[in-house]
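Report on the structure given below.
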Amino acid sequence: MANATPVGGLAGGLERWDDALSSPTLNRAILIFTLLAMAGHFILMFIGPEMVWGQRTADLPLFALFALGGLPILAQLAIKLLRREMGADFLAAIAFVTGVVLAEYLAASLIILMLTGGQVLEGFAMRKASSALNALAKRMPSVAHRKSEDGEITDIAIDEIDIGDLIAVFPHETAPVDGTVIDGHGSMDESYLTGEPYVVAKAPGTNVLSGAINGEAVLIIRAEKRARDSRYAQIMDVMAEAEQKRPRIRRLGDQIGAWFAPAALLFAILVGYLSDDSSRFLAVLVVATPCPLLIAIPITVMSAISIAARRGIVIRDPTVLERLPTCQTAIFDKTGTLTYGRPELVEVLAGPDMDGNLVLRLAASLERYSKHPLASAVLVAARDRNLPLDEVSHASEKPGQGLSGQVDGHEVAVTHRNKLMKSDPESARLLPESAAGLECVVLVDGKYGATFRFRDTPRAEGESFVGHLGDIHHFNKVMLLSGDRESEVSYLSELLGISESLASQSPEQKVTIVREETAKAPTLFMGDGINDAPALAVATVGIAFGKESAVTADAAGAVIPEASLVTVDELLHISMAMRRILLQSVIGGMVLSIVAMGFAAAGYITPVAGALLQEGIDIIAILNALRLAIAHDIDADIVLTQYDDQ
């Protein structure tokens with residue numbers, strides 16, 4: 001343990017020096033000075049004395065460049081040696097030193113241009129690739145309008161907003177915090193989160209998301225969270241975290257560079273020895289620098305993260321973009337993933353001498369005072385049938401006892417089949433046979449009134465999405481894994497064409513199954529509940545649906561706040577495009593470098609020409625990487641059109 005501190009201090013010091021030497025400001029300064037020095041070199045070749053102080057006059061600007069621009073390169077080389085790293089840029093540093101030693105000053109200058117120019121181009125391309133993230137950051141206001149109890153409105157910084165404050169959101173302004181509308185009717189654009197170009201109606205009682213753009217009306221909202229805890233701030237936090245994480249595919253690039261660099265160096269030494277020509281040794285080193293590995297990979301990954309952000313997808317871990325195209329097994333949770341998670345009343349089976357609409361009206365009147373998940377479905381069904389709601393004298397909902405109350409002079413109770421069979425066996429004989437799905441039983445004045453049957457509606461795009469997973473995305477196995485009862489799970493599996501399903505699974509059982517499937521093949525798991533968090537964590541890729549559970553989101557590599565299988569499909573297409581373009585850039589760039597190495601070894605490429613050629617390869621790799629950011633809108637529209645056609 002005694003050596004831990006010095007070693008840690010050395011590593012930290014090297015990290016700080018490496019960051020300073022590779023800073024964008026320093027790179028831009030060296031690039032500008034490199035261009036000026038090379039311009040001075042070419043001017044002095046035709047103007048002025050040929051020799052000064054025993055040196056060619058035209059070389060003096062290059063000597064100044066080596067002192068000011070070459071020393072940082074040598075310092076970075078020393079740091080890599082201390083770290084025992086031999087990456088792709090190690091070759092360029094050796095080539096620079098060799099060029100100076102062999103008096104190939106122009107070639108050495110071009111190597112500095114190649115390194116600093118590549119890093120500056122990378123920074124520019126990264127800013128282009130992450131433009132969506134920057135746009136998200138800029139859209140948040142810095143000032144909010146707080147409304148006091150006497151109606152006075154004052155401007156405050158959004159960090160000063162407290163929970164419970166009344167905030168006025170003026171027309172076309174951005175909501176600063178998550179809240180609830182308490183006054184005003186209008187609409188808001190939430191497309192930054194949903195990815196869909198639609199506005200959402202707002203009225204008293206409806207929720208407002210931070211970052212949503214208000215429409216034409218003034219809305220007064222009550223802050224439910226502070227700005228730093230609101231949805232928008234959370235999205236920006238995970239976006240920033242995703243930017244900082246180095247994905248495994250980037251480490252793969254480092255690994256390729258780790259074997260390519262020494263192999264290329266040995267080849268250059270062999271060429272120099274066999275040809276007895278040091279310039280060939282230098283030319284091979286110059287063209288061997290695989291800059292596409294260093295530049296194309298981060299640009300492509302950031303482009304994909306930005307595209308996902310535009311589509312309302314939060315990438316928590318960039319490695320999911322690499323792993324998704326390799327997944328062969330897809331496992332779905334049921335509720336909220338393949339279904340909307342909103343039960344609908346699909347049947348009202350009235351008892352003898354009972355009017356189904358009357359029973360529904362009485363039950364809906366009472367359900368207004370219930371927090372049960374089925375209450376909203378009853379209310380929606382009554383509204384769809386234009387049934388007026390009656391006054392409720394009293395209402396009671398005790399745990400395990402169901403809902404009861406007096407409605408328009410009738411005693412109404414909403415209970416379940418088992419309770420009725422125990423309490424009133426005679427009435428239980430009137431019940432219809434059990435069926436798949438959820439149900440409740442309504443009693444009116446102590447008599448059997450009706451059985452309400454509910455079903456959690458499958459997502460409209462569910463069948464087409466599941467059906468094309470094999471053909472388009474090459475999944476070999478699709479499973480449905482749910483804690484719901486067998487009849488409901490089997491019904492949904494048959495409806496969507498899923499051949500393998502498991503019902504009544506506990507969170508622990510889900511984890512075991514997902515872990516077993518992941519051991520067989522890379523696995524994608526999709527879920528939305530807190531109980532899905534462990535399974536999301538053990539899968540190769542976990543995608544969390546919805547926006548209610550921070551626990552689930554933390555366990556997933558990607559989060560889709562506005563749950564949609566279309567958005568999952570978009571993410572799959574984005575990852576496929578990223579992998580395709582990345583491999584094109586890396587493999588194509590390295591193949592070009594290897595071919596150029598052959599010509600350099602044969603003496604057809606000089607060190608200067610090799611440096612210029614490598615610059616061209618870098619530019620091609622960068623432009624190819626940026627194709628993902630430029631063409632993503634067309635690709636996404638194609639995905640949506642596929643569903644529209646179906």
**Message:** Apply side-chain contact (heavy atoms from CB on, under 4.5 Å) to residues Leu324 and Leu524 and explain how you reach the verdict.
**Reply:** CA-CA 7 Å; Leu324 260 177; Leu524 165 64; 4.1 Å; yes
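- Rounding to the nearest 0.5 Å gives a distance of 10.5 Å between CD1 of Ile331 and CZ of Phe475.
- Going from atom CE of Met578 over to atom CG of Leu583 covers 8.5 Å, rounded to the nearest 0.5 Å.
- Using modelled atom types, no side-chain atom of His41 and backbone atom of Leu62 make a donor-acceptor pair closer than 3.5 Å.
- Shortest non-hydrogen contact noted between Pro607 and Ser279 is CG-O, 3.5 Å.
- Counting heavy atoms from C-beta on, the side chains of Val271 and Phe281 never come closer than 4.5 Å.
- Atoms CG and CD1, on Leu571 and Ile313 in that order, are 4.5 Å from each other to the nearest 0.5 Å.
- The two residues Arg579 and Glu322 make their nearest non-hydrogen contact at NH1-O, 3.5 Å.
- In this structure, His573 and His468 have parallel ring planes: the angle between them is below the 30° cut-off, well short of the 60° mark.
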**Request:** Given side-chain contact (heavy atoms from CB on, under 4.5 Å), test Ile513 with Met479 step by step and report yes or no.
**Result:** CA-CA 10 Å; Ile513 294 169; Met479 296 178 62; 4.1 Å; yes
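- With values rounded to the nearest 0.5 angstrom, Leu26 atom CG is found 10.5 Å from Leu68 atom CG.
- Of the inter-residue distances, the one linking Phe525 atom CZ with Phe332 atom CZ reads 10.5 Å to the nearest 0.5 angstrom.
- At least one side-chain heavy atom of Val320 sits under 4.5 Å from a side-chain heavy atom of Ile315.
- Formation of a donor-acceptor pair under 3.5 Å by the Thr540 side chain with backbone atoms of Pro522 is not found in this model.
- With rounding to the nearest 0.5 angstrom, the CZ atom of Phe545 is 5.0 Å from the CD1 atom of Ile560.
- For Leu44 against Ala58, the heavy-atom pair with the smallest separation is CB-CA, 3.7 Å.
- Closest non-hydrogen pair, Leu536 versus Gly527, comes out as CD2-N, 4.1 Å.
- Counting only distance, with no hydrogens or angles, the side chain of Thr606 and the backbone of Tyr604 share no donor-acceptor pair below 3.5 Å.
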**Request:** Could you please spell out the steps behind the side-chain contact (heavy atoms from CB on, under 4.5 Å) verdict for Leu572 and Phe465?
**Result:** CA-CA 11 Å; Leu572 289 169; Phe465 175 75; 4.3 Å; yes
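- The shortest side-chain heavy-atom distance between Thr518 and Val538 does not fall under the 4.5 Å cut-off.
- Using cut-offs of 30° and 60° on the angle between ring planes, the pair Phe66 and Phe63 is tilted.
- No side-chain donor-acceptor contact under 3.5 Å links Arg323 to the backbone of Val541.
- In plain terms, the two heavy atoms of Val284 and Phe267 that are nearest each other are CG1-CD2, 3.7 Å.
- Pairing each heavy atom of Leu613 with each of Ala596, the nearest pair is CD2-CB, 3.6 Å.
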**Request:** Take Gln328 and Lys520, measure what side-chain contact (heavy atoms from CB on, under 4.5 Å) needs, and give me the verdict at the end.
**Result:** CA-CA 9 Å; Gln328 301 174 23; Lys520 299 175 186 176; over 6 Å; no
